[in-house]
Amino acid sequence: MSETSTLSDEERRHKERTRKHKAVVDAKIAAAKVDKGLVLVLTGNGKGKSSSAFGMVARTLGYGRKAAVFQFIKGKEDVGERAFLSRQDGVTWENCGEGFTWETQDRSRDIAAARAGWDKARLALADPSISLVVLDELTYLITYRYLDLEDVLPAITARPAMQHVVITGRAAHAELIELADTVSAIRDEKHAFRAGVRAQTGIDL
Ligand code: ATP
Ligand code: MG
């Protein structure tokens, strides 16, 4: 007896549906032939922007490639991603912030930290040996006018052809979205913080 003759009607219908689905997916995969360095913008008010960026750092390192992370805004506080990723081979990690603005309350110091961080990020964006550059919380520097888009956009556009860049932060500017190849706006449907749960290590930091 052949395999199909032993299948129930439902199993046969499922097999036929998935066979058609596979043909459609395979055709789409075959049509995507371009390799290029991507700009990804992860924005929106929901949780998951920075942690997604660090997931891509892990993927990059998994191939023995190099990644550079610039963590703007956040200060000296210990976060799990830095503790783990900064001790892996192939990562350079720069903390370019003095902490949240409502913590530092010192605009000129925040601006100096942001600009010093950006000067280092610019070097990474010119280094073809670095496969992935993460500009974590970059959008705030533009919103607060610590950096001009006229400084940021040309450095990203002129980067090596195969280098990927991930930008995170809420309220990404139209120009960044325009420049990006992939944009995800993470929606905040629910967050445990609003139910009184404080930030949990391993999940939030
Ligand atoms: P994560 O680093 O967890 O991926 P994120 O980068 O999307 O978060 P940020 O706006 O950078 O979010 O905020 C960082 C911290 O704030 C994390 O601890 C995160 O859980 C928390 N957070 C993110 N979104 C919300 C929200 N809508 N309400 C309250 N806290 C949030
Ligand atoms: Mg973040």
Side-chain angles (χ1 to χ4, degrees), residues 29 31-43 48-99 110-143 146-170 172-173 175-184 186 202 205:
I29 291 171
K33 295 190 194 313
V34 176
D35 289 316
K36 62 171 282 207
L38 298 171
V39 177
L40 300 96
V41 170
L42 306 177
T43 191
K49 301 174 290 292
S50 298
S51 44
S52 167
F54 300 130
M56 288 180 262
V57 172
R59 286 181 170 169
T60 299
L61 300 181
Y63 290 96
R65 296 180 194 146
K66 292 208 289 189
V69 177
F70 297 87
Q71 203 158 42
F72 295 102
I73 308 292
K74 282 179 196 158
K76 308 278 179 272
E77 72 267 29
D78 292 326
V79 289
E81 61 265 28
R82 183 169 78 214
F84 178 71
L85 289 170
S86 67
R87 60 171 192 251
Q88 306 303 310
D89 287 340
V91 185
T92 55
W93 195 286
E94 292 287 345
N95 256 74
C96 319
E98 299 278 357
D110 290 346
I111 292 177
R115 298 225 168 123
W118 177 247
D119 284 342
K120 291 180 188 166
R122 216 196 271 281
L123 296 177
L125 289 166
D127 180 349
S129 78
I130 298 176
S131 295
L132 174 67
V133 177
V134 173
L135 304 170
D136 190 34
E137 321 297 351
L138 180 77
T139 61
Y140 303 106
L141 306 195
I142 298 162
T143 304
Y146 295 177
L147 291 179
D148 292 329
L149 270 172
E150 294 71 47
D151 292 330
V152 171
L153 297 180
I156 295 173
T157 309
R159 76 194 188 285
M162 291 310 294
Q163 186 184 75
H164 304 301
V165 179
V166 180
I167 297 166
T168 79
R170 298 180 190 201
H173 303 78
E175 291 88 340
L176 281 178
I177 288 174
E178 173 70 27
L179 178 70
D181 300 280
T182 296
V183 179
S184 295
I186 300 181
L205 69 162

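Heads up: numbering here begins at 1 and tracks the sequence.
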Does the side chain of Leu141 come within less than 4.5 Å of Trp118's, by heavy atoms?
no

May I ask you to test the Leu42-Ser184 pair for a side-chain heavy-atom distance under 4.5 Å?
yes

Please tabulate, for side-chain N and O atoms in residues 149-162, each donor-acceptor pair with protein atoms closer than 3.5 Å (sequence neighbours left out).
from, atom 1, to, atom 2, distance (Å)
Thr157, OG1, Leu153, O, 2.8
Arg159, NE, Gln163, O, 2.8
Arg159, NH1, Ile156, O, 2.9
Arg159, NH2, Gly37, O, 2.9
Arg159, NH2, Gln163, O, 3.4

Which pair of heavy atoms, one from [X] and one from [Y], lies closest together, and at what distance?
X: Ser52; Y: Gly48; value: CB-O, 3.1 Å
X: Ala172; Y: Thr43; value: N-OG1, 3.2 Å
X: Leu132; Y: Thr60; value: CD2-OG1, 3.4 Å

Which residue is it: Leu135, Asp136, Leu40? I am looking for the one with a side-chain contact (heavy atoms from CB on, under 4.5 Å) to Thr168.
Asp136

Spacing of [X] atom [atom1] and [Y] atom [atom2] [to the nearest 0.5 Å]:
X: Leu147; Y: Thr139; atom1: CG; atom2: OG1; value: 11.0 Å
X: Ile167; Y: Phe70; atom1: CD1; atom2: CZ; value: 13.0 Å
X: Trp93; Y: Arg87; atom1: CH2; atom2: CZ; value: 11.5 Å
X: Arg82; Y: Asn95; atom1: CZ; atom2: CG; value: 4.0 Å

Polar contact flag, side-chain donor to acceptor under 3.5 angstrom, Ser50-Glu137:
yes

Could you walk me through whether Ile142 and Leu176 pass the side-chain contact (heavy atoms from CB on, under 4.5 Å) test, one step at a time?
CA-CA 10 Å; Ile142 298 162; Leu176 281 178; 4.0 Å; yes

So with a 6.0 Å cut-off around CG of Asp148, is the heavy-atom count from everything else above 12?
yes

Could you walk me through whether Gln71 and Val79 pass the side-chain contact (heavy atoms from CB on, under 4.5 Å) check?
CA-CA 11 Å; Gln71 203 158 42; Val79 289; 4.0 Å; yes

Identify all side-chain donor-acceptor contacts of residues 122-129 below 3.5 Å with residues at least two apart in sequence or on another chain.
from, atom 1, to, atom 2, distance (Å)
Asp127, OD1, Ser129, N, 2.8
Asp127, OD1, Ser129, OG, 2.8
Asp127, OD2, Ser129, OG, 3.4
Ser129, OG, Lys66, NZ, 3.3

Audit row: Asp181, Lys36, side-chain contact (heavy atoms from CB on, under 4.5 Å) steps and yes/no
CA-CA 10 Å; Asp181 300 280; Lys36 62 171 282 207; 2.7 Å; yes

Between Ser131 and Arg65, is there a donor-acceptor pair closer than 3.5 Å when you use the side chain of the first and the backbone of the second?
no

